[in-house]
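Hydrogens, waters and symmetry mates are skipped; everything else that's a heavy atom, side chains included, is used.
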Amino acid sequence: MKKVLVILLLATMGYYIAGSYFDIGFGQPHFVQGVKPVKDIYLAKTVKPLTVSNAVTSIVVNFRGFDTLGEVTVLFLAVTVLGSLLYKKRHAVGERSVLFSASSIVTSGSKLLFPAIILLGAYVFIHGHLSPGGGFQGGVIIASGFLLMLLAYENYSVSHTALSVVESLAGITFAGVGLLGFMHGGTFLQNFLPVGVLNNLFSGGVIPIIYIAVGFKVGAELTGVIYTVLHEKGQSNG
Amino acid sequence: MIYFILISLLLLLMIAASVYSIAQKDLLYATMATGIISLILSILYYLLQAPDVALTEAAIGVALTTIIFVITIRNTVRMEDETDKKEKFKSAVK
């Protein structure tokens with residue numbers, strides 16, 4: 001009985017999803033050639049009103065900015081659930097995170113590399129509208145820098161308060177910029193700043209602000225994930 | 001021509017690494033093989049002119065996912081256990 005119900009439910013869902021797919025009509029003439037296809041509008045608007053060099057960034061942050069907000073929310077929810085599941089199984093603060101201490105070559109080498117990795121991550125998300133990369137990539141690079149320090153030093157600790165403050169401020173910045181665009185132009189995440197000259201650092205309106213906020217948010221979240229997982233009490237760790 | 005040879009070589013390596021990661025009983029080696037798959041995939045994305053996706057794949061697939069798997073293996077068991085998979089699954093679900 002249960003299995004029949006499950007199969008019926010899945011069949012109903014599949015029927016409606018397939019129906020909506022057939023309604024879209026991929027490959028139809030008005031989708032491909034028409035008066036002005038969507039891809040041509042995006043590529044033309046990237047250069048002319050927005051003056052962004054990287055077309056991927058202009059689509060991700062401007063034309064599809066609401067989807068990016070959803071993505072950031074999904075990541076935030078995943079991190080929150082992970083933290084709440086592992087909270088009780090954590091070591092006490094100040095306990096070691098790795099099984100044995102690394103040699104002095106590893107510790108001094110990672111101390112030298114850490115600022116360079118953080119700088120690379122910041123470069124990637126500040127120049128997100130000029131070169132490949134963006135908030136997500138830069139945030140992950142910053143988190144991997146913190147991972148290096150956590151693996152090299154057994155007592156290296158990251159302040160959870162600072163992480164949560166950075167993450168919340170970045171999220172508020174993203175949503176606030178979107179709401180300001182709503183007040184200014186009538187749609188969420190509408191561009192309200194001057195767009196500047198193509199290929200300049202200060203160009204693209206609100207896109208650099210949003211990507212810097214996303215970079216801080218993703219970096220703080222993933223650093224929190226690594227810190228939480230690394231300090232979990234395991235079987236072999238005792 | 002050399003482009004074609006390079007891409008097919010990378011794809012063959014990728015297939016070999018995925019077969020190895022499925023067949024290997026030592027989970028640490030299998031995790032390393034999945035890291036190699038992500039690395040080759042990011043090179044392929046770069047060759048197909050998608051540097052944004054290549055950067056994401058290199059940062060997340062190679063670094064973060066591999067590290068989280070390694071930490072999980074450290075906190076659980078390293079060797080894959082073949083005996084009574086169904087029974088273990090049932091007891092884990094309950």
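Heavy atoms closer than 4.5 Å to chain B are found in the side chain of Val124(A), but not in its backbone. For a residue to count as touching a neighbouring chain, one of its non-hydrogen atoms must lie under 4.5 Å from one of that chain's; by this rule Ile67(B) touches chain A with the side chain only. Both the backbone and the side chain of Ile60(B) come within less than 4.5 Å of a heavy atom of chain A. At a 4.5 Å heavy-atom cutoff, the contact between Val229(A) and chain B is made by backbone and side-chain atoms alike.
The CG atom of Asn54(A) sits 5.0 Å away from atom CG of Asp52(B), with the distance rounded to the nearest 0.5 Å. Once rounded to the nearest 0.5 Å, the distance linking CG of Leu151(A) with CD1 of Ile71(B) reads 7.0 Å. Distance check, rounded to the nearest 0.5 Å: CG of Leu222(A) to CD1 of Ile68(B) gives 7.5 Å.
The environment of Phe114(A) atom CZ is dense: over 12 non-hydrogen atoms of other residues, nucleotides or ligands sit within 6.0 angstrom. Tyr3(B) OH: more than 12 foreign heavy atoms inside a 6.0 Å radius. Atom CZ of Phe216(A) has 12 or fewer neighbouring heavy atoms from other residues, nucleotides or ligands inside a 6.0 Å radius. No more than 12 heavy atoms of other residues, nucleotides or ligands shown are found within 6.0 angstrom of OH on Tyr46(B). Residue Ile105(A) qualifies as open at atom CD1: its count of foreign heavy atoms under 6.0 Å is 12 or below. No more than 12 heavy-atom neighbours from other residues, nucleotides or ligands sit within 6.0 angstrom of CZ on Phe69(B).
Of all the listed residues (Gly133(A), Ser144(A), Ala143(A)), the one sharing the greatest number of non-hydrogen pairs under 4.5 Å with chain B is Gly133(A). For chain A, the option among Thr72(B), Thr56(B), Val53(B) with the highest count of heavy-atom pairs below 4.5 Å is Thr56(B).
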Hey, mind stepping through Leu64(B) and Ile226(A) against side chain to side chain contact (heavy atoms under 4.5 Å, CB included) and telling me if it holds? CA-CA 9 Å; Leu64(B) 271 185; Ile226(A) 291 168; 3.3 Å; yes
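Gln137(A) contributes no side-chain N or O that, together with a main-chain N or O of Ala59(B), makes up a donor-acceptor pair within less than 3.5 Å.
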